[in-house]
Amino acid sequence: MTPSPRSATAAPTQEEATALVAGLLARLLELSPQDVDPGVPVSAYGIDSATSTLLAHEIEDACGIAVDLELLLGGPTVAEIAAEVTAGSRPARP
């Protein structure tokens with residue numbers, strides 16, 4: 001199931017963002033969302049720069065918040081990515 005799009009002005013809660021990121025990552029890697037542990041670095045799932053780019057675009061499409069690709073390439077956990085999404089630190093591209 002694909003998360004529903006959100007307004008760029010309404011950042012999701014930490015719980016919603018964690019579920020969103022886990023779900024998107026799971027879909028990209030053809031896993032069950034339950035198989036994605038929020039405390040495990042995404043690099044442990046074997047994502048590469050292409051998958052990181054896709055994940056960044058998927059997050060932006062889903063909630064209107066741009067996630068820095070450098071963050072994703074730095075080996076954060078799903079929970080750390082979700083915190084970035086929740087903070088809404090950077091507006092999405094127009």
Side-chain angles (χ1 to χ4, degrees):
M1 177 177 188
T2 303
S4 60
R6 294 183 59 93
S7 162
T9 59
T13 65
Q14 181 68 30
E15 185 176 304
E16 290 171 333
T18 299
L20 172 104
V21 173
L24 293 173
L25 181 61
R27 191 179 85 223
L28 288 172
L29 299 177
E30 298 179 356
L31 299 171
S32 168
Q34 294 79 14
D35 293 335
V36 177
D37 183 337
V40 172
V42 293
S43 58
Y45 294 99
I47 71 167
D48 56 14
S49 59
T51 307
S52 295
T53 301
L54 288 172
L55 181 58
H57 288 293
E58 292 285 334
I59 292 169
E60 186 173 334
D61 288 347
C63 61
I65 296 171
V67 175
D68 191 345
L69 186 56
E70 289 182 29
L71 168 74
L72 297 179
L73 294 172
T77 65
V78 168
E80 290 168 338
I81 298 168
E84 184 78 9
V85 170
T86 301
S89 64
R90 294 181 0 173
R93 296 184 296 274

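We're numbering straight along the sequence, starting at 1. All values reported here derive from a predicted model rather than from experimental measurement.
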S.K.: What's the separation between atom OG1 in Thr86 and atom CD1 in Ile81, rounded to the nearest 0.5 Å?
M.R.: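 These two atoms lie 11.5 Å from each other.
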S.K.: Can you tell me how far apart CG (Leu69) and NE2 (His57) are? Round to the nearest 0.5 Å.
M.R.: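 Here the interatomic distance stands at 8.0 Å.
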S.K.: Can you name the nearest heavy-atom pair linking Leu71 to Pro76, along with the distance?
M.R.: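 Shortest heavy-atom separation between Leu71 and Pro76 comes out as O-CD, 3.0 Å.
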S.K.: Give the minimum heavy-atom separation between Cys63 and Leu20, together with the two atoms involved.
M.R.: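 In this case the closest contact between Cys63 and Leu20 is SG-CD2, 4.3 Å.
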S.K.: Hey, mind stepping through Ile47 and Leu28 against side-chain contact (heavy atoms from CB on, under 4.5 Å) and telling me if it holds?
M.R.: CA-CA 9 Å; Ile47 71 167; Leu28 288 172; over 6 Å; no
S.K.: May I ask you to decide if Pro41's main-chain N or O and Glu80's side chain share a donor-acceptor pair within less than 3.5 Å?
M.R.: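 No, because the side chain of Glu80 does not come within donor-acceptor range (under 3.5 Å) of the backbone of Pro41.
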S.K.: Measure the CG-OG1 distance between Asp37 and Thr77 for me, rounded to the nearest 0.5 Å.
M.R.: 9.0 Å
S.K.: What I want to check is whether the side chains of Gln34 and Ser32 have a donor and an acceptor closer together than 3.5 Å.
M.R.: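 Yes, Ser32 and Gln34 have a side-chain donor paired with an acceptor closer than 3.5 Å.
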S.K.: Just how far is it from atom CG of Leu72 to atom CD1 of Ile59, taken to the nearest 0.5 Å?
M.R.: 5.5 Å
S.K.: Ser43 and Gly75: which non-hydrogen atoms are nearest, and at how many Å?
M.R.: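 So the two residues come closest at OG-CA, 4.2 Å.
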S.K.: Under the side-chain contact (heavy atoms from CB on, under 4.5 Å) criterion, do Val78 and Val42 qualify, and how do the steps go?
M.R.: CA-CA 6 Å; Val78 168; Val42 293; 3.9 Å; yes
S.K.: Tell me, do Thr51 and Tyr45 make a side-chain contact under 4.5 Å, heavy atoms counted?
M.R.: no
S.K.: Indicate the atoms forming the closest heavy-atom contact of Ala83 with Gln14, along with that distance.
M.R.: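 Smallest heavy-atom distance, with atoms named: CA-OE1, 3.3 Å.
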